[in-house]
Asker: 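The structure is given below, and queries will be raised subsequently.
Only heavy atoms go into these numbers, but all of them, side chains included; no hydrogens, no water, no symmetry mates.
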Amino acid sequence: MKPPPFRDFADLERMPAYARIAYLQLVELPGLRDTTSPETLAYLLCFLCQAYAEEERYAEAISTGRRALRIATEQASGDSALLGHVRLNLGVAHSQAGDLAQGLDSYLESWTHCRRADLRETLGKAGSNALLALESGQPTGERELAFLQECRAVFEAAGQRPQAARACGLLGAALLARGRAAEAVDALDRMLVLSESLGGARTMRRETVRHLQEADRLLTGEAGAPTLGPGVLTEVHALVADGVESLSRERPDRATTCFSRALLLLRRRTREPQRMLAAFLLLVLARLTWAQAADEDAAGAAAELLGRAGEEVAKVGKAQGDWVKLRAHLGDLDDLRQLAQGVAWEARRDGPTGGRGGGGRGGGRRGRRTWRRRRG
């Protein structure tokens, strides 16, 4: 029996899975095997593995993928592009069959070969699939940690922000689990920056903020702790803006929650504008607590907040401290929001360890006072 003429790989990819299976099963013909190079035979088996997986014939997919891998490894070991393709398709077969550990192992091997061959499209698929496996709960060992550090840089350089953000989030969590809180903060803050404009990233951002707060607890009082980065300070600005808007809608409970969360994220504050913002938030929280005071405990909590605000004011210049106390007393909530915005902009402009302090007190227009009038 004479084998049919070879078809272009692009044509094969466009064929339905069942048609590819029917066509590619011809690799079993001795005449075709004897006249085909090992590289082409491995590619054909690789495509057959993919087609079997698409048809949910996982046992056949894995068996065929392993045959392709054996041929590629033994007879074409220098072809990194081939090995990258084979490893990727075998990983998909394993993952879809429910073996995420084997799938992750194949994706990481594919990533290594694709990096070596500069095979960018397949590299992106291998990296994305590996991230998905890690997000599904696969353990992050040293090999996976090295992948995440590399993956973060590769995806960001390629302008693939969603994948870079996912890699940063996983990397930060893995570093935090190892007690490397200072390194974790860098990755987690970068995740917040990369995911700012991504739809559907709310859950991921919430988890990242939780990890940042855990890192902050570990870093409290530690010399040389990293400064607050643009990601976390942008989150602070969003919380402050939400709190201000909540007060304008007469929702003091939500405002208290937003301001308290923003204050927690400012734990590693070092610059003067950040301390001014913390003091402003403490003064506003004290007034909100006092306004809702129904017993001595609430009054005591308000007094404790005022004491903390006084300690924070003492750490900034006299003019800056007086400005904060006056604006908080007048209830100028727009000035609070603009101060938070200025702090975030400063971090984005100078970087997390950058230069100028001092500014960022907010705009020059008179702030919103509806909150003060409403409370009398």
Side-chain angles (χ1 to χ4, degrees), residues 213 216 220 228 232-347 357-376:
Q213 290 173 338
D216 285 345
T220 299
L228 293 167
V232 70
L233 289 174
T234 298
E235 189 73 12
V236 167
H237 172 225
L239 286 167
V240 170
D242 191 351
V244 169
E245 183 65 23
S246 296
L247 281 178
S248 74
R249 295 175 181 271
E250 300 189 10
R251 298 180 62 188
D253 290 346
R254 179 177 176 84
T256 298
T257 298
C258 290
F259 294 151
S260 297
R261 288 173 58 196
L263 194 60
L264 276 176
L265 291 176
L266 287 167
R267 181 177 291 195
R268 284 181 285 112
R269 56 189 176 270
T270 54
R271 297 182 179 181
E272 187 172 65
Q274 296 167 11
R275 294 192 181 282
M276 291 169 63
L277 177 58
F280 207 145
L281 285 169
L282 285 163
L283 289 169
V284 171
L285 282 168
R287 290 187 65 176
L288 285 170
T289 303
W290 184 264
Q292 300 172 67
D295 51 38
E296 291 184 4
D297 289 341
E304 189 266 338
L305 288 166
L306 286 172
R308 289 171 58 192
E311 293 173 3
E312 209 64 44
V313 166
K315 296 175 183 177
V316 303
K318 185 178 185 306
Q320 285 77 10
D322 289 344
W323 180 88
V324 168
K325 289 186 288 185
L326 176 62
R327 293 303 168 192
H329 173 72
L330 294 174
D332 282 344
L333 298 178
D334 275 341
D335 278 321
L336 173 61
R337 182 177 56 192
Q338 289 172 19
L339 177 58
Q341 184 180 57
V343 165
W345 280 354
E346 181 191 43
R361 293 194 313 185
R365 67 188 180 94
R366 183 61 59 88
R368 186 185 303 174
R369 294 189 182 182
T370 53
W371 168 52
R372 181 172 181 262
R373 286 201 302 271
R374 184 172 64 251
R375 289 187 54 245

Asker: As an exercise, state the distance from CE of M276 to NZ of K325, rounded to the nearest 0.5 Å.
Answerer: 12.0 Å
Asker: Would you check if L247 and F259 make a side-chain contact, meaning some heavy-atom pair closer than 4.5 Å?
Answerer: yes
Asker: Apply the test side chain to side chain contact (heavy atoms under 4.5 Å, CB included) to residues R308 and E312: give CA-CA distance (whole Å), side-chain angles for both, the deciding distance (0.1 Å), then the verdict.
Answerer: CA-CA 6 Å; R308 289 171 58 192; E312 209 64 44; over 6 Å; no
Asker: Could you give the distance from CG (L265) to OG1 (T234), rounded to the nearest 0.5 Å?
Answerer: 11.5 Å
Asker: Mind listing the closest non-hydrogen atom pair of A255 and G243 along with its distance?
Answerer: CB-O, 3.4 Å
Asker: Measuring only between side-chain heavy atoms, which start at C-beta, is T257 closer than 4.5 Å to L239?
Answerer: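 T257 vs L239: side chains apart.
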Asker: Can you measure from OG1 (T256) to CG (L288) and round to the nearest 0.5 angstrom?
Answerer: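 Reported value, rounded in 0.5 Å steps: 4.5 Å.
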Asker: On a heavy-atom basis, which atom in R337 and which in H237 lie closest, and how many Å separate them?
Answerer: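 In this case the closest contact between R337 and H237 is O-CD2, 3.9 Å.
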Asker: Between the main-chain N or O of S246 and the side-chain N or O of R249, is there a donor-acceptor pair closer than 3.5 Å?
Answerer: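 Flag not set: sc R249 to bb S246 has no pair under 3.5 Å.
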Asker: Does any non-hydrogen side-chain atom of T270 lie less than 4.5 Å from one of L228?
Answerer: no
Asker: Can you name the nearest heavy-atom pair linking P273 to L339, along with the distance?
Answerer: O-CD1, 4.3 Å
Asker: Surrounding CZ of R267 (heavy atoms of other residues, nucleotides or ligands, distance under 6.0 Å), is the total greater than 12?
Answerer: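 Yes, because the 6.0 Å sphere around CZ of R267 holds more than 12 heavy atoms from other groups.
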Asker: So V236 and V240, do their side chains get closer than 4.5 Å, heavy atoms only?
Answerer: yes
Asker: Go through the steps for L285 and S260 under the test side chain to side chain contact (heavy atoms under 4.5 Å, CB included), then give the verdict.
Answerer: CA-CA 8 Å; L285 282 168; S260 297; 3.7 Å; yes
Asker: Roughly how far, to the nearest 0.5 Å, is CG of L282 from CG of L266?
Answerer: 9.5 Å
Asker: Can you tell me how far apart CD (Q338) and CG (L333) are? Round to the nearest 0.5 Å.
Answerer: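 The distance works out to 11.0 Å.
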Asker: Would you say that L336 contacts R327 through its side chain, given a criterion of any heavy-atom pair below 4.5 Å between the two side chains?
Answerer: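 They are not in contact (no side-chain heavy atoms under 4.5 Å apart), so the answer is no.
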Asker: Short question: side chain of R287, backbone of H329 - any donor-acceptor pair under 3.5 Å?
Answerer: yes
Asker: Going by an N to O cut-off under 4.0 Å, is there a salt bridge joining E346 and R271?
Answerer: yes
Asker: Does a salt bridge link K315 with E272, judged by any charged N lying under 4.0 Å from a carboxylate O?
Answerer: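 E272 and K315: not salt-bridged.
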Asker: Between T289 and E304, does the side chain to side chain contact (heavy atoms under 4.5 Å, CB included) criterion hold? Intermediate values first, please.
Answerer: CA-CA 10 Å; T289 303; E304 189 266 338; over 6 Å; no
Asker: Please give me the minimum heavy-atom distance between V316 and G321, naming the atom from each residue.
Answerer: CG2-N, 3.7 Å
Asker: Do W290 and L306 touch side chain to side chain, with heavy atoms closer than 4.5 Å?
Answerer: no
Asker: Give the minimum heavy-atom separation between A347 and L233, together with the two atoms involved.
Answerer: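 So the two residues come closest at CB-CD1, 3.5 Å.
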Asker: Does any part of the side chain of F280, heavy atoms only, come nearer than 4.5 Å to the side chain of V313, both counted from C-beta?
Answerer: no
Asker: How far does CZ of R261 sit from CG of L263, to the nearest 0.5 angstrom?
Answerer: 12.5 Å
Asker: I need the minimum non-hydrogen distance between Q274 and V343, along with the two atoms involved.
Answerer: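 Answer, listing the atom of Q274 first, then V343: CG-CG1, 3.8 Å.
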